[in-house]
> 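My questions all concern the structure below.
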Number of protein chains: 2
Amino acid sequence: MKPSTIDLKAIIRAEGLRYTNQRESVWQELQSSDDHRDAEDIYFSLRQKGINISRATVYRTIEVLVKNNLVRKLDLGDGKNRYECKWDAAHHDHLICTECGKIVEFMNDQVEGIQSDIAREYGFSLSYHIHQLFGLCEDCR
Amino acid sequence: MKPSTIDLKAIIRAEGLRYTNQRESVWQELQSSDDHRDAEDIYFSLRQKGINISRATVYRTIEVLVKNNLVRKLDLGDGKNRYECKWDAAHHDHLICTECGKIVEFMNDQVEGIQSDIAREYGFSLSYHIHQLFGLCEDCR
DNA sequence: AATTATGTGAGATTCAATATCAATAAGGAA
DNA sequence: TTCCTTATTGATATTGAATCTCACATAATT
């Protein structure tokens, strides 16, 4: 699905929320750049572009986007939440270089299957998972 | 390996560090109870037992234990680091109930193998990983 | 255009974790 | 044992991400 085909206004309003310039700005900003960005980063980018928005609104808007599955929250272990648009990619997880911070996305259907098996074994109904591999990338080792 | 067989003094001193009561206390406390505890929790437990130790020292000592592989740091997504002794268990990961917070440990050699394959494919040398499944446990769904 | 409830902004607040730095004590040397 | 050097500790301040507060602004309906 292409980003442009997602109508934030429709989604927002279907939730009974109001469509605002700030919400659209955050959504645009998240789509306009590399993934794995954090809230502070989004905030400063928008300010730099002359868009008037507050820190609180950035955080609140991201939360709305996450709740509506437009954005996925990532915890890459560096103490702040990161976010990625997930509209154009199949489910993937992350390899992270502990030296240079490089993030590589990987996909593996086999693991997904095993996860379901494990959940079933313990009587859990799965809603999401975190699967991250940390180590040194080719360049850093 | 039984906990009692681990000689913290020897390990600490082999690192060129000094063996102190505070470091021993934190190590004992981590072993004496359920796993998945956080630093604040350890701090209060020790204080309650009449052991004089500061918050800073608890944090610092845990860091030492982690660096020496006596303790594993967990990020279960609730905004604080948790720790577990790993001396008596094979490697395992976690299933977490998003409703009641229950934590279940699971082991799966197949996933471990696949992780190695993925790392090799992308030229990474793996040092550790995070693999957590979130959902509702039997009781909560 | 008027109404009203939701959304926003600026700043205060929270909370985990880290930094600072003077005082303390571990451990080697004599 | 006593002395010394230096790592460690404790009390407190500070950081940084994220959330909360509440007066004001504004979207959307009438």
Side-chain angles (χ1 to χ4, degrees), chain A residues 7-30 36-68 71 73-83 101, chain B residues 7-30 36-68 71 73-83 101:
Chain A
D7 184 359
L8 183 65
K9 186 168 184 176
I11 294 172
I12 285 283
R13 303 200 59 182
E15 283 290 301
L17 304 173
R18 292 181 180 173
Y19 175 74
T20 65
N21 291 333
Q22 289 89 339
R23 284 174 175 164
E24 182 64 43
S25 298
V26 171
W27 173 232
Q28 290 302 324
E29 183 61 29
L30 270 162
H36 317 122
R37 303 181 68 188
D38 62 78
E40 210 69 5
D41 180 19
I42 298 291
Y43 169 66
F44 283 115
S45 289
L46 290 173
R47 300 289 294 200
Q48 196 148 25
K49 291 178 181 170
I51 292 165
N52 201 290
I53 192 170
S54 72
R55 207 176 243 98
T57 298
V58 170
Y59 278 96
R60 284 184 292 224
T61 299
I62 290 175
E63 224 32 63
V64 169
L65 297 175
V66 169
K67 281 215 184 80
N68 286 280
V71 162
K73 183 187 287 196
L74 302 177
D75 181 342
L76 265 33
D78 62 349
K80 50 191 164 186
N81 291 320
R82 292 170 179 281
Y83 302 92
Chain B
D7 183 0
L8 183 65
K9 184 168 184 175
I11 294 173
I12 285 284
R13 303 200 58 181
E15 284 289 302
L17 303 173
R18 291 178 182 176
Y19 175 74
T20 64
N21 291 334
Q22 290 88 340
R23 283 173 175 164
E24 183 64 43
S25 297
V26 171
W27 174 232
Q28 290 301 325
E29 182 61 30
L30 270 162
H36 317 122
R37 302 181 69 188
D38 61 79
E40 210 68 5
D41 180 20
I42 298 291
Y43 170 66
F44 283 115
S45 288
L46 290 173
R47 300 290 294 200
Q48 196 147 27
K49 290 177 180 170
I51 292 166
N52 201 290
I53 193 170
S54 71
R55 207 177 242 98
T57 297
V58 170
Y59 278 96
R60 284 184 292 226
T61 299
I62 290 175
E63 222 33 61
V64 169
L65 297 175
V66 168
K67 282 216 182 80
N68 287 280
V71 162
K73 183 187 288 195
L74 302 177
D75 182 343
L76 266 31
D78 62 350
K80 51 191 166 187
N81 291 320
R82 292 170 179 283
Y83 303 90

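Letters A, B, ... mirror the listed sequences (proteins, then strands); counts begin at 1.
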> For a quick check of understanding: with a heavy-atom distance under 4.0 Å over all strands, which category does B/Gly16 fall into, base, sugar-phosphate or nothing?
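Nothing, no heavy atom under 4.0 Å.
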
> For C/dG9, does either OP1 or OP2 sit under 4.0 Å from a side-chain N or O belonging to A/Arg60?
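Answer no for this pair, as no side-chain N or O of A/Arg60 is under 4.0 Å from OP1 or OP2.
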
> Which value, rounded to the nearest 0.5 Å, describes the distance between A/Asp38 atom CG and A/Leu76 atom CG?
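Answer rounded to 0.5 Å: 11.0 Å.
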
> Counting only side-chain N and O atoms of A/Asn81, is one of them less than 4.0 Å from OP1 or OP2 of D/dA18?
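Result: yes.
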
> Are OP1 or OP2 of D/dG10 and a side-chain N or O of B/Thr57 less than 4.0 angstrom apart?
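For D/dG10, OP1/OP2 do have a side-chain N/O of B/Thr57 under 4.0 Å.
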
> Let me know, please, whether A/Asn21 or B/Ala39 comes out on the 5' side of the other along DNA chain C by nearest nucleotide.
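Upstream on the strand: A/Asn21.
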
> Any N or O donor-acceptor pair linking the side chain of A/Arg18 to the base of C/dT6 at under 3.5 Å?
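Indeed, a donor on one side and an acceptor on the other fall under 3.5 Å apart.
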
> Which whole-number value in Å describes the distance from A/Arg47 CZ to C/dA10 C1'?
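Answer to the nearest Å: 10 Å.
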
> Name the nucleic acid region contacted by A/Arg82, choosing base, sugar-phosphate or nothing; use a 4.0 angstrom heavy-atom cut-off, strictly under.
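Contact class for A/Arg82: none.
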
> Rounded to whole angstroms, how far apart are CD on A/Glu63 and C1' on D/dC20?
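Going from A/Glu63 (CD) to D/dC20 (C1'), I get 14 Å.
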
> Can you identify which nucleotide, out of C/dG28, D/dT8, C/dG9, has its nearest atom closest to the B/Arg13 side chain?
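Side chain of B/Arg13 sits closest to C/dG28.
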
> Respond yes when some side-chain nitrogen or oxygen of B/Thr20 is under 4.0 Å from OP1 or OP2 of C/dA25, and no when none is.
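Indeed not, no polar side-chain atom of B/Thr20 lies that close.
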
> Is a side-chain N or O of A/Arg47 found less than 3.5 angstrom from the main chain of A/Ile53, in a donor-acceptor match?
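Here the side-chain-to-backbone pair exists.
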
> Does a side-chain N or O from A/Arg23 land closer than 4.0 Å to OP1 or OP2 of C/dT8, or not?
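Result: yes.
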
> So, does B/Gln22 get its side chain near the phosphate of C/dA25, meaning an N or O under 4.0 Å from OP1 or OP2?
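It does not, given that no N or O in the side chain of B/Gln22 lies less than 4.0 Å from OP1 or OP2 of C/dA25.
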
> Specify the residue among B/Leu17 and B/Lys80 whose closest nucleotide of DNA chain C lies further upstream toward the 5′ end.
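In this pair, the answer is B/Lys80.
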
> Which of these nucleotides, D/dA28, C/dA10, D/dA18, is closest to any side-chain atom of A/Tyr19?
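Taking heavy atoms from C-beta onward, the closest nucleotide is D/dA28.
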
> I'd like to know if A/Arg55 reaches the base of C/dA10 with its side chain, counting only an N/O donor and acceptor under 3.5 Å.
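Under the 3.5 Å cut-off, the side chain and the base do not form any donor-acceptor pair.
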
> Verify, without hydrogens or angle tests, whether A/Arg23 (side chain) and A/Arg18 (backbone) share a donor-acceptor contact under 3.5 angstrom.
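Indeed, once roles are kept as given, a pair shorter than 3.5 Å links the two residues.
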
> Between A/Ile62 (CD1) and D/dA17 (P), how many Å, whole number?
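Atom-to-atom, A/Ile62 to D/dA17, this comes out as 13 Å.
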
> Could you tell me the separation between the CD1 atom of B/Ile42 and the C1' atom of C/dA17, rounded to a whole number of Å?
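Going from B/Ile42 (CD1) to C/dA17 (C1'), I get 16 Å.
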
> Between atom CZ of B/Arg82 and atom CG of B/Asp41, what is the distance when rounded to the nearest 0.5 Å?
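Taking CZ in B/Arg82 and CG in B/Asp41, the distance rounds to 8.0 Å.
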
> Check whether any side-chain nitrogen or oxygen of B/Tyr59 sits under 4.0 Å from OP1 or OP2 of C/dA17, and answer yes or no.
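For C/dA17, OP1/OP2 do have a side-chain N/O of B/Tyr59 under 4.0 Å.
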
> Taking atom P of C/dT8 as reference, at what distance in whole Å does atom CD of A/Glu24 sit?
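Result: 12 Å.
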
> Once you apply a heavy-atom cut-off of 4.0 Å, does A/Asp38 come out as touching a base, just sugar-phosphate, or nothing?
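The answer is nothing, as A/Asp38 stays clear of every strand by at least 4.0 Å.
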
> When rounded to the nearest 0.5 angstrom, what is the spacing between CZ in B/Arg37 and NZ in B/Lys80?
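If I round to the nearest 0.5 Å, the distance is 12.0 Å.
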
> Just how far, in rounded Å, is C1' of D/dA11 from CG of B/Asn52?
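B/Asn52 atom CG is separated from D/dA11 atom C1' by 11 Å.
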
